[in-house]
Amino acid sequence: EAGVAQSPRYKIIEKRQSVAFWCNPISGHATLYWYQQILGQGPKLLIQFQNNGVVDDSQLPKDRFSAERLKGVDSTLKIQPAKLEDSAVYLCASSPISDRANSGYTFGSGTRLTVV
Amino acid sequence: AQSVTQLDSQVPVFEEAPVELRCNYSSSVSVYLFWYVQYPNQGLQLLLKYLSGSTLVKGINGFEAEFNKSQTSFHLRKPSVHISDTAEYFCAVSFKAAGNKLTFGGGTRVLVKP
């Protein structure tokens, strides 16, 4: 089975610019997650989707971050405007069922964002 | 508040020596526990998970972990490491009251020396 696809792999932008990341989850996976991993730290959940609805976005900085999952498949995460502290790896993950905590995640390779 | 703590940020170890990575969590509800490995410039790969039953869990690549409910710990071990085990390791917890959301520890970087 194909894994979770993310693009681009790397992105360098100047502060105050905007950027978008794309994620294609494993086929049939209802739940999709975006995590932010700052260098030297563990991943932190930004947003969780169940199909095309948001389940949890409590840690998403909504003044600058937005995410959508149209049609319940692919997802995009956008930052506008970017700040220096947004430099991180953005990981996308998917899982088949959201109401079973043992279902496990499959992670993509991530997008490494550098804001200069 | 529910949290995950990995007590060692970096663990240097010689090849073929054993290694133990420590993980503690705080929670007032039941949990599921996971260990993930992250190789350079790659995503996270599941090593093993504890859901229920036997407290000793065996995973891929010769790793195992033991769940200790009284000490709220889930330490990861490998009896003999290889150079290829050099990576970052993350302990993660899913709190049953919070659905399927994973909370990660800060990570432990393992550096295997020849």
Side-chain angles (χ1 to χ4, degrees), chain A residues 2-10 21 23-26 29-50 53-60 88-112 114, chain B residues 1-10 21-25 27 29-53 57 59-60 67 74 76 87-109:
Chain A
V4 175
Q6 288 189 249
S7 67
R9 287 298 309 275
Y10 305 93
F21 313 127
C23 173
N24 181 239
I26 290 176
H29 277 196
T31 310
L32 185 147
Y33 311 82
W34 282 102
Y35 278 81
Q36 179 192 57
Q37 185 178 16
I38 293 173
L39 185 65
Q41 299 181 20
K44 182 186 80 171
L45 179 68
L46 291 175
I47 189 167
Q48 175 183 350
F49 289 95
Q50 168 78 356
V54 175
V55 174
D56 184 351
D57 64 356
S58 57
Q59 297 197 75
L60 186 74
V89 175
Y90 291 84
L91 293 164
C92 179
S94 69
S95 68
I97 303 170
S98 72
D99 60 351
R100 290 177 57 194
N102 59 353
S103 59
Y105 292 12
T106 301
F107 282 87
S109 297
T111 296
R112 182 178 298 276
T114 302
Chain B
Q2 297 159 333
S3 64
V4 181
T5 301
Q6 291 183 242
L7 298 168
D8 306 295
S9 60
Q10 190 163 319
L21 309 183
R22 297 179 291 169
C23 173
N24 287 87
Y25 67 92
S27 174
V29 299
S30 298
V31 297
Y32 299 120
L33 297 153
F34 305 80
W35 275 99
Y36 284 83
V37 60
Q38 187 175 36
Y39 299 104
N41 298 316
Q42 294 187 27
L44 293 156
Q45 179 183 1
L46 182 65
L47 275 179
L48 49 78
K49 59 185 176 183
Y50 171 78
L51 307 178
S52 64
V57 180
I60 62 172
F67 171 54
F74 190 55
L76 180 71
E88 188 137 22
Y89 293 80
F90 292 95
C91 180
V93 176
S94 178
F95 302 103
K96 294 183 184 180
N100 205 21
K101 184 171 67 175
L102 278 178
T103 299
F104 287 86
T108 298
R109 185 174 300 277

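Order of the sequence lines fixes the chain letters, A, B, ..., with proteins taken first and strands second; residue numbering starts at 1 for each chain.
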Out of Gln42(B), Gln6(B), Gln38(B), return the one with the most heavy atom pairs under 4.5 angstrom to chain A. Gln38(B)

Would you say that more than 12 heavy atoms from the other residues, nucleotides or ligands in this model lie under 6.0 Å from the CD1 of Ile60(B), or not? yes

Is it the case that the side chain of Tyr105(A) and the backbone of Leu102(B) share a donor-acceptor pair, with hydrogens and angles ignored and the cut-off at 3.5 Å? yes

With Arg9(A), which residues qualify under salt bridge (charged side-chain N to carboxylate O under 4.0 Å, His left out), at least two apart? none

For Arg112(A), check salt bridge (charged side-chain N to carboxylate O under 4.0 Å, His left out) against everything at least two apart and list the hits. none

Relative to chain B, which segment of Gln37(A) carries a heavy atom at a distance below 4.5 Å: side chain, backbone, both, or neither? side chain

Chain A contact via Gln45(B) - side chain, backbone, both or neither, heavy atoms under 4.5 Å: neither

Going from OG1 on Thr103(B) to CG on Leu45(A), what distance comes out if it is rounded to the nearest 0.5 angstrom? 8.0 Å

Choice from Cys92(A), Gly40(A), Ser109(A) maximising heavy atom contacts with chain B below 4.5 Å: Ser109(A)

Top contributor to chain B contacts, counting heavy-atom pairs under 4.5 Å, from Pro43(A), Ala93(A), Gly110(A), Gly108(A): Pro43(A)

